[in-house]
Undergrad: 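Right, I'll just put the structure down here and ask away after.
In what follows, residues are counted from 1 in the order of the sequence shown.
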Amino acid sequence: MRKVVWLGLAALGLALPAIADTLEEALQQSYLNNPTLLAERTGAQIADETLANARAQGRTQLSLSGSAGYQWSDTNRFDNLGPLDFGGGGIDFTAIGGDQGGRETGALQLEATRPLYTGGRIKSGVRQAEAGVASSRALLNSVRQDTFLSTVTAYVDVLRDEESVRIRQNNVAVLEEQTRAAADRFDVGVVTRTDVAAAEARLAGARALLAGANAQLEGSLATYEALVGNRPEDLDPVPPLPALPQTLDDAVATALIGNPDLDAATEAVRAAEEAIKVARGALRPEISFVGSAGFQRNLREDLQDESASALIQGRIPLYEADTLRSTVRSAQLRRTQALQQRDAIERQIRAGIAQAWFGFEAASRSIDASRAQVEAAEIAYEGGKEELAVGVRTTLDVLDQEQDLFEARLALVEAERDAYVAAHQLLRGMGALSLDRLGAVDRYDPEAYAAGKRRKWLLTDGD
């Protein structure tokens, strides 16, 4: 049915999304289009901009301001002073009062400001932002690996559910044939009504289970579409598993080095430690250099005023009503919280690695057992049908043997799925779901974004 719909759309000339028929193609599609992963890439870019802002705080700030226009003034400030005598010479201030008239003016001022000493606040702020960048990139790696794991799981879930539907459809077809055969044998008096009823009951149950399997398949298809961006067609079998560690201890040791969630938590601790230094820096004196040069010109009277200054400005906090010290204490508490969160993440990683390790071992053993069970059940079922034909077995005996074979096949499908997912869960816990699984695809490089923005200091450096 899905093929008919897709072919119909193609016949209408509608644009169709790329179909991922292999696991590698599915990983490529989710890597390029998954909105959660795209959002995390934007988060990494925001962290890069935060670092650029922190570095800018320690650089010289240069600004140019100007004005031009018409000014008019009227004052009575000296109207009543009259002539003043300064021992032989007088100045008549009465003339200064009254209407001063208007004038056309223009002014221009250039100002440069550079912090000289900030109590370590700016340097610590830069190191805090650098830790934030490292943390954001580790989180990006974490989300990428989560996306890969979800895609692999969705892929094998679709394969499992499609196989389950095929097995159940075959089971329904076999039971339909057995029900008809039981009815025929009842008509000739070979079996009883009980045999017919047993076959009909098994058929009704098989049809109900088939409906449930179809519903589960539709759910898996929807999950796959949400991750990859399109509904699958005929998926290829999964490729062989990547190499896994030899022991559980090796897996744990690798995880403690390479797990991106632990890396992000470690960088969060470093950022929290630098935040304490930033907060303490606000309690220390600040010294800045401020230089300016400017002129103002009266265009009508051709008068010009020029000025220049070079100043060292200082600021010492004397009383802050516990605001700054409270900020320091809050930063210290956040560092404690970050340490506790890192410890919690490390415990979760150890537990997750152990769970995935033993889950993979159990599923692998289950695969071997299920294959042996399928082989034995097939022999028993074929022998039961032959014995039923000669009257040695009853219809109910054959139905039971057919049910055993049916359950063994489903168990094998489930075990193969569980083993593949558990292996990738183990790789995810180790931080080893690498981009190598993607094949040839354009890969996002967070450093390329940062390098492209690093030297754009002036406002004239547009994007």
Side-chain angles (χ1 to χ4, degrees), residues 23 27 30-31 34 36-37 39-40 43-44 131-132 134-157 160 220 223 226-227 238 240-273 333-370 411 414-437:
L23 180 57
L27 291 172
S30 63
Y31 179 77
N34 186 272
T36 303
L37 185 54
E40 197 61 38
S135 179
S136 69
R137 292 182 182 179
L139 288 174
L140 175 60
N141 186 17
S142 174
V143 172
R144 174 178 59 79
Q145 296 202 38
D146 285 339
T147 301
F148 283 2
L149 177 59
S150 297
T151 302
V152 170
T153 303
Y155 192 97
V156 295
D157 281 350
R160 175 201 61 190
S220 296
T223 301
L227 289 165
V238 292
L241 284 173
L244 298 178
Q246 296 297 318
T247 66
L248 175 59
D249 290 339
D250 290 342
V252 172
T254 303
L256 295 180
I257 296 174
N259 186 284
D261 299 298
L262 188 58
D263 291 342
T266 301
E267 294 299 334
V269 171
R270 185 163 71 95
E273 290 173 345
L333 291 172
R334 290 191 180 94
R335 178 186 59 183
T336 301
Q337 184 185 46
L339 287 168
Q340 293 166 341
Q341 290 173 340
R342 185 183 64 181
D343 292 342
I345 289 174
E346 182 176 336
R347 293 186 183 185
Q348 292 171 2
I349 290 172
R350 290 178 181 274
I353 290 292
Q355 183 177 5
W357 178 271
F358 292 112
F360 177 72
E361 283 192 342
S364 298
R365 294 192 185 100
S366 181
I367 289 174
D368 295 335
S370 295
E414 189 69 29
E416 290 174 339
R417 178 267 179 198
D418 291 345
Y420 206 81
V421 171
H424 282 80
Q425 288 174 338
L426 179 61
L427 293 171
R428 168 60 183 92
M430 295 163 52
L433 281 181
S434 65
L435 289 171
D436 295 337
R437 297 294 300 275

Undergrad: Please report the interatomic distance CG(Asp146) to CG(Asn34), rounded to the nearest 0.5 Å.
TA: 10.5 Å
Undergrad: So Thr36 and Glu40, do their side chains get closer than 4.5 Å, heavy atoms only?
TA: no
Undergrad: Tell me, do Thr254 and Pro245 make a side-chain contact under 4.5 Å, heavy atoms counted?
TA: no
Undergrad: Measure the shortest side-chain to side-chain distance between Pro260 and Arg428 over non-hydrogen atoms and say whether it is less than 4.5 angstrom.
TA: yes
Undergrad: Looking just at side-chain N and O atoms, do Thr247 and Asp250 make a donor-acceptor pair shorter than 3.5 Å?
TA: yes
Undergrad: Taking all atoms of both residues into account, what is the closest heavy-atom pair of Ala415 and Ser366, and its distance?
TA: CB-OG, 3.5 Å
Undergrad: Could you state the interatomic distance from CD1 (Ile349) to CG (Asn259), rounded to the nearest 0.5 Å?
TA: 3.5 Å
Undergrad: Do Thr147 and Tyr31 come within less than 4.5 Å of each other through their side chains, counting heavy atoms only?
TA: no
Undergrad: Please determine if Arg270 and Glu267 form a salt bridge, counting it only when a charged side-chain N lies under 4.0 Å from a carboxylate O.
TA: yes
Undergrad: Do you know the tightest heavy-atom contact between Ala138 and Asp263?
TA: CB-CB, 3.9 Å
Undergrad: Pair up each side-chain donor or acceptor in residues 350-358 with any protein partner under 3.5 Å, not counting sequence neighbours, and list the distances.
TA:
unit_1: Arg350; atom_1: NH2; unit_2: Glu346; atom_2: OE2; d: 3.3
unit_1: Trp357; atom_1: NE1; unit_2: Glu361; atom_2: OE2; d: 3.2

Undergrad: For a quick test of reading the model, state the closest non-hydrogen atom pair linking Asp157 to Ser220 and the distance between them.
TA: CB-OG, 3.9 Å
Undergrad: As a quick check of understanding, evaluate salt bridge (Lys or Arg N to Asp or Glu O under 4.0 Å) for Arg365 and Asp368, giving each step before the final call.
TA: CA-CA 5 Å; Arg365 294 192 185 100; Asp368 295 335; over 6 Å; no
Undergrad: For the atom pair CZ (Phe360) and CG (Leu244), what is the distance rounded to the nearest 0.5 Å?
TA: 5.0 Å
Undergrad: If you measure from CZ on Phe148 to OH on Tyr155, what distance do you get to the nearest 0.5 Å?
TA: 15.0 Å
Undergrad: Once rounded to the nearest 0.5 Å, what's the spacing between atom CD of Gln425 and atom CG of Leu433?
TA: 10.0 Å
Undergrad: Working to the nearest 0.5 Å, report the span between CG of Leu426 and NE2 of His424.
TA: 10.5 Å
Undergrad: List the atom of Gln145, the atom of Ala432, and the distance in Å for their closest heavy-atom pair.
TA: OE1-N, 3.5 Å
Undergrad: Taking the side chain as every heavy atom from C-beta outward, state whether Leu27 and Val152 have any atom pair closer than 4.5 Å.
TA: yes
Undergrad: If you compare all heavy atoms of Asp261 against all heavy atoms of Ser142, which two are closest, and at what distance to 0.1 Å?
TA: OD1-OG, 2.6 Å
Undergrad: Considering residues, nucleotides and ligands other than Arg334, do more than 12 of their heavy atoms fall under 6.0 Å from its CZ?
TA: no
Undergrad: How far apart are the closest heavy atoms of Leu37 and Ser30, and which atoms are they?
TA: CD2-O, 4.3 Å
